[in-house]
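Counting from 1, the numbers follow the sequence of the chain as shown.
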Amino acid sequence: MKKIIIIKYGELSTKKDNKNYFISKLKDNIEITLKNINHNTYYDFGRMFVETKDTDEVISHLKNVFGIQGMFIGYTSNKTELEDIKSEVLELLQNKDFNTFKVVTKRSNKNYPINSMDVSRMIGGHILKNIDCKVDVHNPDIVVNIEIRNDEILYYFEEIKGLGGYPVGTLGRGLLMLSGGIDSPVAGYMTIKRGVELYYLYFESRPHTSIEARNKVRELARKLEKYNTNGKLMVVNFTKIQETIYKNLDTTYLITIMRRMMYRIAERVAKKNKCLAIVNGESVGQVASQTLSSMIAVNDVTSYPILRPLCSFDKLDIIEISKKIDTYDISILPYEDCCTVFVPRHPVINPNLKHIYNEESKIDFNTLIDEAVNTIEVVDLKEIKSDLL
Ligand code: ATP
Ligand code: MG
């Protein structure tokens, strides 16, 4: 018998005409993920198959690929007689620990002389005769799947859970506003899950923020690259804009106006990089700048789509996901973010748009924004540096 990995597609069952596009993108993404492992991948509309000698390693990589609902380790055999099936099933069940089971047979080879029900019944009887166990059709410990194909039989048992979601890139590209905090990496993960490939944008305020803060963001981006694979981290020099606001404008509006500048810059960068949406880690009510009226005041600068995948999440739920995706320990490192450096004591909760326009008119922000956009630095995400942790 030959081992083979069977991949069950995610939500693609709802896609009709462009199903093929989704599946071939999934295959491309799998090829990128498995590029250093000897393997062969092929697919039909129902499933994808990976042949490899390194089954465990391949499975551990596939567990990070969106668009995969579940996986099975399968075994193919070209011995197709009923007696062969009986002995092979027993051989495969030898090392499995179970008390109850059921047999499910599918027969795509309609010329096979025994129908599926009878195969299940006969194989079930054979298992009962040879192994101390019982049949449970509702909630069995193990399902013995047998597929009778044209020239071979395919066997598989327990399902290994995949991440679900859509293949990365099938829904275009987004620009994630990535800070060093807990929320934005999780927002990024949730967005990649929906098939959106990400570029990352980080606003830094040197010397008020440190190189460690930037490295922290780079490490967070690298964690997300496990799922995203083709991202680019862009760093905005935000110092001049922040200092200008801080020195010249109403400090209770500092955060609101600063975030308006962030959105303006993000929109420019998004358009330039063919990103179809801006993504961030805002969650309604979490801080003063995330009340609904603050969001109106900030969103006022752009008509670009802003995705806020965490808008309704509690912090504890966000933390749970950040631990699962391994960003939490990096996020809680103490290096200051540009928002924390310039926090006013009493930030406005219900900002007034007229007052904002009046404040902003005191400064030529367009020139400052142009300069920030034109001096963006791209940080390498591939190179492994160990100067952070
Ligand atoms: P996080 O935990 O993600 O830092 P937060 O709770 O600290 O979020 P804010 O500081 O209000 O909230 O930021 C809200 C969102 O704005 C962040 O989730 C992130 O998407 C974006 N953001 C904030 N600061 C920066 C920054 N320096 N660079 C890029 N994006 C930022
Ligand atoms: Mg933050």
Practice task
Measure from the side-chain N and O atoms of Ser205 to the backbone N and O of His208, and report whether any donor-acceptor pair falls under 3.5 Å.
Solution key: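 No, because the side chain of Ser205 does not come within donor-acceptor range (under 3.5 Å) of the backbone of His208.
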
Is there a path from [X] to [Y] through hydrophobic residues (I, L, V, M, F, W, Y) whose side chains come within less than 4.5 Å of each other?
X: Ile142; Y: Leu154; value: no
X: Val168; Y: Tyr21; value: yes
X: Met122; Y: Val135; value: yes
X: Met177; Y: Val378; value: yes
X: Leu34; Y: Tyr43; value: yes

Should [X] and [Y] count as side-chain neighbours, where that means a heavy-atom distance under 4.5 Å?
X: Val379; Y: Tyr200; result: no
X: Phe101; Y: Asp136; result: no
X: Leu353; Y: Asp300; result: yes
X: Thr209; Y: Arg214; result: no
X: Leu26; Y: Met48; result: yes
X: Thr33; Y: Ile30; result: no
X: Asn280; Y: Leu176; result: no
X: Ile153; Y: Glu88; result: no

Evaluate whether atom [atom1] of [X] has more than 12 neighbouring non-hydrogen atoms of other residues, nucleotides or ligands under 6.0 angstrom away.
X: Glu31; atom1: CD; result: yes
X: Ile332; atom1: CD1; result: yes
X: Asp44; atom1: CG; result: yes
X: Lys161; atom1: NZ; result: no
X: Lys96; atom1: NZ; result: yes
X: Asn150; atom1: CG; result: yes
X: Lys362; atom1: NZ; result: yes
X: Asn40; atom1: CG; result: yes

Do the side chains of [X] and [Y] get close enough for a salt bridge, i.e. N-O under 4.0 angstrom?
X: Arg259; Y: Glu282; value: yes
X: Arg268; Y: Asp370; value: yes
X: Glu83; Y: Lys86; value: yes
X: Glu360; Y: Arg264; value: yes
X: Lys25; Y: Asp28; value: no
X: Arg107; Y: Glu147; value: no
X: Lys323; Y: Glu320; value: no

Let me confirm one number: the [atom1]-[atom2] distance from [X] to [Y], rounded to the nearest 0.5 Å.
X: Ile318; Y: Ser331; atom1: CD1; atom2: OG; answer: 11.0 Å
X: Asn228; Y: Lys223; atom1: CG; atom2: NZ; answer: 15.0 Å
X: Thr100; Y: Asp141; atom1: OG1; atom2: CG; answer: 3.5 Å
X: Leu310; Y: Ser283; atom1: CG; atom2: OG; answer: 6.5 Å
X: Ile296; Y: Asn350; atom1: CD1; atom2: CG; answer: 9.5 Å
X: Ile376; Y: Leu201; atom1: CD1; atom2: CG; answer: 5.5 Å

Problem - Side chains of Glu371 and Asn374, donor plus acceptor under 3.5 Å - result: no

Problem - Thr327 and Ser322 side chains, donor-acceptor separation under 3.5 Å - result: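 Short answer, no.
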
Problem - Audit row: Ile123, Leu82, side chain to side chain contact (heavy atoms under 4.5 Å, CB included) steps and yes/no - result: CA-CA 8 Å; Ile123 299 300; Leu82 186 69; 4.2 Å; yes

Problem - Contacts of Lys2 that satisfy salt bridge (Lys or Arg N to Asp or Glu O under 4.0 Å) - sequence neighbours left out - result: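 Once residues adjacent in sequence are excluded, the partners of Lys2 under the salt bridge (Lys or Arg N to Asp or Glu O under 4.0 Å) criterion are Glu51.
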
Practice task
Show your working on salt bridge (Lys or Arg N to Asp or Glu O under 4.0 Å) between Glu159 and Lys8 and close with a plain yes or no.
Solution key: CA-CA 9 Å; Glu159 182 170 346; Lys8 225 168 73 176; 3.1 Å; yes

Exercise for the section: Taking ring pair (Phe, Tyr, Trp, His ring centres under 6.0 Å) as the test, write out the residues that go with Tyr253, two or more places apart. Expected result: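 Here the qualifying residues are His355.
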
Problem - Criterion salt bridge (Lys or Arg N to Asp or Glu O under 4.0 Å) on Lys232 and Glu197, from CA distance to verdict - result: CA-CA 10 Å; Lys232 173 164 127 178; Glu197 175 188 294; over 6 Å; no

Taking the six-membered ring where the residue is Trp, are the ring centres of [X] and [Y] under 6.0 Å apart?
X: Tyr189; Y: Phe66; value: yes
X: Phe49; Y: Tyr42; value: yes
X: Phe72; Y: Phe157; value: no

Practice task
For the pair Ile131 and Phe98, evaluate side chain to side chain contact (heavy atoms under 4.5 Å, CB included) and give the outcome as yes or no after the intermediate values.
Solution key: CA-CA 10 Å; Ile131 300 175; Phe98 65 98; 4.2 Å; yes

Exercise for the section: Kindly determine whether Lys216 and Glu219 satisfy salt bridge (Lys or Arg N to Asp or Glu O under 4.0 Å), including the steps that lead there. Expected result: CA-CA 5 Å; Lys216 182 177 162 184; Glu219 287 311 303; over 6 Å; no

Practice task
For the pair Ile23 and Phe45, evaluate side chain to side chain contact (heavy atoms under 4.5 Å, CB included) and give the outcome as yes or no after the intermediate values.
Solution key: CA-CA 8 Å; Ile23 297 172; Phe45 268 126; 3.7 Å; yes

Practice task
Apply ring pair (Phe, Tyr, Trp, His ring centres under 6.0 Å) to Tyr75 and Tyr156, showing your working.
Solution key: CA-CA 6 Å; Tyr75 303 84; Tyr156 53 95; 9.8 Å; no

Exercise for the section: Apply the test side chain to side chain contact (heavy atoms under 4.5 Å, CB included) to residues Leu163 and Ile68: give CA-CA distance (whole Å), side-chain angles for both, the deciding distance (0.1 Å), then the verdict. Expected result: CA-CA 6 Å; Leu163 285 182; Ile68 296 179; over 6 Å; no

